[in-house]
Chemist: 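Just dropping this structure here.
The residues of the chain are indexed from 1 along the displayed sequence. In listed order, ligands and their atoms are each counted from 1.
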Amino acid sequence: MPTRMNAIIGLGLLIPSVAATNSPLQTRLDDGLALTPQMGWNTYNHYNCFPNEAIVRSNAQALVDLGLDSLGYRTVTIDCGWSVADRLADGSLTWNETLFPSGFPKIGQYLHDLELLFGVYGDSGIKLCGSPPDNVGSLDHEEQDAKTFAEWEADSLKYDNCYSDEATNFPNVNYQPSTSPQPRFEIMSRALQAQDRPMLFQVCEWGIDFPANWAPALGHSWRIGNDIIPAWRAIFRTLNQAVPQTSYAGPGQWPDLDMLMVGNGVFSQAEEQTHFSLWAILKSPLTIGAALKDDTTAISKGSLQVLTNEDVIAFNQDKLGVSASLRRRWSDEGFEVWSGPLEGGKTVAAVINWRNESRDLTLDLPDVGLQSAGVLRDVWGEAMERGVRTSYTARVEGHGTMLVELDETTPAGEYSTALFGRKNGQGTSFQSIYALTTSANYGITINFAQPVSSATNITLRTSASKQTYSTEIPASAHQVTLQAPLIAGSNNTITVWHHQTAIDSVQVTPPNGTYYPGAKFILHGDAKQVTCGEGFCQPVGSKIGNLAANSTAHAVIAASSSGSKYVELDYINNEVALDSAWGWGANSRNLTLAVNGGLPVRLEVPLSGRHSELFGPGQGWWDTGSLGVLTSGWKDGENEVVIGNVGGEKGFQALAPDFVGMRIYD
Ligand code: GAL
């Protein structure tokens with residue numbers, strides 16, 4: 001089980017990414033269930049808390065008729081609204097007989113006869129969510145209810161968190177309870193395990209106590225956040241919440257991004273593709289939340305095409321079970337890149353177009369740790385390309401996503417002569433050389449096909465300058481390394497002359513960069529330095545907080561050449577959108593970086609917290625996240641760098657994330 005998603009493999013391979021978590025995977029329930037994310041259908045997103053038997057039967061039948069069952073969508077869950085206010089005389093739970101005249105056991109039987117699975121819904125409080133009409137909850141009746149669910153032959157339980165906070169007299173929701181929901185979920189988990197029927201357990205406490213840290217020991221999935229809402233902005237909000245916990249996904253333990261809105265008529269087809277693609281590659285359970293078929297509705301062809309895309313489903317159900325993670329985000333330009341490994345050495349990558357206009361977007365393979373792909377399959381673009389070197393460009397619809405599978409790949413920084421080289425007079429020139437940053441300090445290693453026979457000179461030049469770089473190679477050397485400049489981008493050329501021995505490949509190693517801790521910056525306005533608990537706010541131990549719109553942190557930073565530099569920003573954001581999830585909460589904050597008085601580059605950072613915002617160390621405000629941006633306007637010599645929150649007063653969040661420090665790749 002990999003504990004770090006974004007391992008940096010090998011020399012010079014720089015994968016820009018959000019810092020890997022320092023939390024190893026927790027012990028998990030190891031009962032063989034949910035080895036890949038569960039898939040199914042649930043009443044809630046379309047029918048709200050008004051399910052009934054006809055709805056369940058017709059949609060279940062439609063799962064079969066439309067072939068969705070054979071693609072994996074098998075669990076049919078009846079969400080809120082199914083029950084009644086009172087328990088039976090013997091204290092057991094029962095269904096609403098008006099809504100479900102044949103009763104739950106019969107409905108379970110009906111689903112099983114269709115070779116589907118029966119999902120039930122309960123609550124860890126005194127009532128189910130969506131009450132009134134009052135539906136009794138499972139608090140203090142866990143054992144009896146688990147037994148009842150098993151008797152009904154349920155296959156899974158979605159367990160919710162409404163009316164659960166005793167300290168505040170059981171309100172519908174309390175997003176800031178004084179005690180953790182965890183013990184209540186643990187009691188139900190144990191009660192389920194005591195039954196002689198395996199039942200998948202879905203923890204649904206809306207991410208209020210960072211369940212990634214404890215839910216894997218109790219169940220098979222956990223909701224990472226508050227409910228999805230029928231609005232496009234819910235996608236960005238959800239992804240921002242997923243960012244710090246992608247590394248917690250694994251067989252038997254899945255971060256649940258919530259049920260799908262595909263087919264509910266709220267998104268364009270491109271938006272549905274984005275929603276479905278990202279849920280799939282982040283290994284969320286895939287639960288259809290649309291009306292497939294009932295008396296008045298049938299799912300549209302377009303939405304069905306999205307839900308039945310077998311490539312996307314295969315990414316979700318990939319046996320490796322590793323989630324994609326966020327690699328790069330260009331906030332000003334409105335796009336971002338996610339990727340992750342698949343079984344058999346393949347990689348999946350997604351480029352999301354946040355702008356609502358169709359345009360060409362480019363995936364630079366080094367952003368996902370690769371240099372070339374023997375085969376690239378563009379899933380929504382329905383294209384296939386062979387021999388892809390460094391970059392792939394395609395038209396992406398407004399709010400759409402370029403979703404590609406890369407196979408037969410080589411690692412970033414490695415340029416074989418066979419793929420990238422071309423004979424050029426007395427030498428060899430290598431094309432499509434990628435540079436993360438503009439720097440004179442790239443290491444360029446030339447690997448010879450065989451050891452050189454006698455001492456000789458070698459000369460190279462890059463497209464970044466007119467200068468040539470030479471060195472002597474001793475006899476029998478296999479390789480030689482020179483230092484040379486490259487310009488940020490994917491179109492550099494390296495030409496090597498006068499080599500008698502054939503070159504096998506060229507390896508390009510970017511500079512390591514220099515770290516500037518926030519503690520060394522000079523603060524203006526309301527910005528304040530905050531010391532963190534031992535071992536937190538990595539790698540500095542402190543951070544700059546309270547970066548309001550008029551507040552800044554300044555530093556003078558030396559660079560050894562002019563141009564655009566890649567800067568990795570270490571930030572902290574644990575402003576979790578709970579109440580605000582119903583409105584405009586985005587789980588993001590705005591950070592800007594300006595060099596020498598130029599236009600600031602904006603980065604809308606996602607959450608970084610990997611501990612509970614209620615009870616964790618520093619309330620999760622000590623966990624560093626990291627994302628890189630390309631910043632222009634650097635000079636050879638001293639540079640004025642300003643970290644701030646330009647325009648923050650106009651955004652949803654008036655404060656920037658806390659700033660820990662930055663690494664400049666020069
Ligand atoms: C919420 C839950 C939703 C849905 C709803 C029913 O708490 O997160 O997924 O079950 O309750 O009212």
Chemist: Which is closest to atom 12 (O) of ligand 1 by heavy-atom distance: Gly81, Gly225, Cys204, Cys129?
Modeler: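 Checking each option, the heavy atom nearest atom 12 (O) of ligand 1 is found in Cys129.
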Chemist: Any chance you could measure Leu88, atom CG, to Thr94, atom OG1, to the nearest 0.5 Å?
Modeler: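 One finds 4.5 Å between CG of Leu88 and OG1 of Thr94.
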Chemist: Between Asp318 and Val348, is any pair of side-chain heavy atoms under 4.5 Å apart?
Modeler: no
Chemist: Check whether the SG atoms of Cys162 and Cys129 are less than 2.5 Å apart, and answer yes or no.
Modeler: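 Their SG atoms fall under 2.5 Å; a disulfide, then.
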Chemist: For ligand 1, which atoms, with element, lie under 4.0 Å from some heavy atom of Cys80?
Modeler: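 Heavy-atom distances to Cys80 below 4.0 Å select 6 (C), 12 (O).
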Chemist: Give the numbers and elements of all ligand 1 atoms closer than 4.0 Å to a heavy atom of Tyr121.
Modeler: 6 (C), 10 (O), 11 (O)
Chemist: Taking 4.0 angstrom as the limit and counting only heavy atoms of Met259, give me the atoms of ligand 1 inside it, by number and element.
Modeler: 9 (O)
Chemist: Please report which non-hydrogen protein atom sits nearest to atom 8 (O) of ligand 1, along with the residue it belongs to and the distance in Å to one decimal place.
Modeler: Asp227 OD1, 2.5 Å
Chemist: To which protein heavy atom is atom 5 (C) of ligand 1 closest, and what is the distance rounded to 0.1 Å?
Modeler: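 Result for atom 5 (C) of ligand 1: Tyr44 CZ, 3.6 Å.
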Chemist: Need the ligand 1 atom indices (1-based, order shown) with element for anything under 4.0 Å from a heavy-atom of Gly130.
Modeler: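 Counting atoms of ligand 1 from 1, those under 4.0 Å from Gly130 are 12 (O).
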Chemist: Using distance alone, decide if ligand 1 has a nitrogen or oxygen within less than 3.5 Å of any nitrogen or oxygen in Asp258.
Modeler: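 Min N/O separation from ligand 1 is not below 3.5 Å for Asp258.
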Chemist: Salt bridge check, Arg190 against Glu186: does any charged N sit closer than 4.0 Å to a carboxylate O?
Modeler: yes
Chemist: Nearest to atom 2 (C) of ligand 1 by heavy atom, Thr77, Asp160, Asn226: which?
Modeler: Asp160
Chemist: Relative to the heavy atoms of Lys158, which atoms of ligand 1 are at a distance of less than 4.0 Å?
Modeler: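 Matching atoms, with element in brackets: 3 (C), 4 (C), 9 (O), 10 (O).
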Chemist: Assert yes or no for the condition that the ring centre distance of Trp354 to Phe236 is strictly below 6.0 Å.
Modeler: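 Yes, the ring centres sit under 6.0 Å apart.
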Chemist: Any side-chain heavy-atom pair from Thr308 and Tyr73 closer than 4.5 angstrom?
Modeler: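 No, too far: nothing below the 4.5 Å cut-off.
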Chemist: Do the side-chain N and O atoms of Ser331 and Glu604 include a donor-acceptor pair separated by under 3.5 angstrom?
Modeler: no
Chemist: Looking at Asp79, which atoms of ligand 1 are within less than 4.0 Å of one of its heavy atoms?
Modeler: 4 (C), 6 (C), 10 (O)
Chemist: If you count the non-hydrogen atoms of other residues, nucleotides and ligands that lie under 6.0 Å from CG in Asp113, is the total more than 12?
Modeler: yes
Chemist: Which atoms of ligand 1 sit under 4.0 Å from any heavy atom of Arg223?
Modeler: 2 (C), 3 (C), 8 (O), 9 (O)
